[in-house]
Amino acid sequence: MPELPEAETIVRGLRTAVLGEHIHRVEVMHNDILRQPKTEFVRGVRGRSIDAIGRRGKNVLIRLEGDRVIAVNLGMTGRLLPFSALPRGERRPSHPAVRFRFESGALLVFDDTRRFGTVEALTDDEWQTRSARMGPEPLDAGYRARDLFRALQRSRAPARSWLLDQKNIAGLGNIYANEALYLAGVHPQREARRVRRPEAMGLHRAIRRVLRDAIQAGGTTIRDYRNAEGGRGEYVRRLCVYGRNGEPCLKCRSDICRIVFANRSAFYCPTCQPVPTP
DNA sequence: AGTGTATCCTGCAGGC
DNA sequence: TGCCTGCAGGATACAC
């Protein structure tokens with residue numbers, strides 16, 4: 001659920017909260033969150049300090065001394081919650097999966113209701129290999145509209161499926177993929193290779209605009225997403241199609257439609273995003 | 001090779 | 001009230 005803007009918002013919050021902390025103890029409450037043996041994970045992180053916090057696509061990267069990195073994929077309901085002391089009462093995480101305790105007494109909790117998220121300790125080299133298999137960062141200055149157009153040409157997948165595939169672009173999820181397609185006037189089921197050059201230009205612009213605006217709004221909270229301070233994302237108020245089926249299109253007043261394909265809902269305006277003609 | 005489907009898991013909303 | 005179904009921001013093993 002957390003997509004690029006949510007991951008970026010969490011990263012910014014974590015920088016002020018846990019940068020420089022020294023990991024003293026690690027507790028794993030749910031082994032299924034880890035993608036490696038628990039002993040290997042603990043060995044990779046314990047006793048190291050946090051040098052930097054970064055992001056790649058939807059992944060939060062906690063960089064440790066000694067060329068190590070904790071890679072966190074938030075899945076659908078994952079949260080990274082820093083606390084200055086052991087939390088109690090309402091502020092306590094509901095489904096803690098991994099707890100990092102710092103020498104200062106502060107701690108960082110990976111909390112995940114559905115446990116679709118993953119946490120792993122990697123060397124920089126291992127992470128580089130992983131990162132190389134992912135598509136370009138859509139907000140990088142070097143990501144060009146013509147690159148998007150050329151890549152689209154090579155696929156028969158529906159445009160929405162193509163945008164969700166992290167090998168094509170890193171960081172888009174179901175919300176922002178649908179929003180970008182709406183802004184670009186492309187139907188979610190249009191074959192990627194049938195997106196014309198001017199439409200690809202518009203889609204490139206739409207992707208970057210949606211992601212930048214959503215970061216500025218602190219992401220989108222539908223139900224579970226919270227930032228590092230426990231706060232909500234305000235981009236919900238700016239959504240044009242996602243979750244708005246049956247409501248009027250903001251441009252033309254047609255009813256927004258919801259369809260399901262590839263096991264996920266897609267939202268679009270039947271007038272602004274005409275059905276693909278075979 | 002590249003795409004679509006089913007699956008992991010929990011919680012919530014809505015219908016009866 | 002309680003039971004059932006469907007739905008949810010992701011990623012991936014598998015079948016075609």
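To find a chain, count down the sequence lines: A is the first, B the second, and so on, and within it residues start at 1. Note that the coordinates shown come from a computational prediction; the quantities given were computed from them, not determined experimentally.
Using a 4.0 Å heavy-atom criterion, one finds that A:Ser265 contacts the sugar-phosphate atoms exclusively. Looking at heavy-atom distances under 4.0 Å, A:Asn73 makes contact with sugar-phosphate atoms alone, never a base. Among the protein residues, A:Tyr242 comes within range of the sugar-phosphate backbone only, with heavy atoms under 4.0 Å from sugar or phosphate atoms but none that close to a base. Residue contacts shown for A:Arg258 are limited to sugar-phosphate atoms, with no base heavy atom under 4.0 Å away.
On the C1' atoms, C:dG9 is 22 Å away from B:dT3, given to the nearest whole Å. Between C:dG6 and B:dA6, the distance separating the two P atoms is 13 Å to the nearest Å.
Because its NZ or CZ atom is not both nearer than 6.0 Å to the ring centre of A:Tyr143 and within 45° of the ring axis, A:Arg208 does not count as a cation-pi partner of that residue.
When each of A:Asn263 and A:Arg156 is assigned the nucleotide of DNA chain B with its nearest heavy atom, A:Arg156 is the one assigned upstream, toward the 5' end. The residue among A:Val260 and A:Arg264 whose nearest nucleotide of DNA chain C lies closer to the 5′ end is A:Val260.
No more than 12 heavy atoms of other residues, nucleotides or ligands sit less than 6.0 Å from atom NE2 of A:His24.
Of the N and O atoms on the side chains of A:Tyr176 and A:Glu6, at least one donor lies less than 3.5 Å from an acceptor on the other residue.
Closest to the side chain of A:Pro158, from the set C:dA11, B:dT3, C:dG9, is B:dT3.
With its ring centre under 5.5 Å from that of the base six-membered ring and a plane angle below 30°, A:Phe116 counts as stacked on B:dC8.
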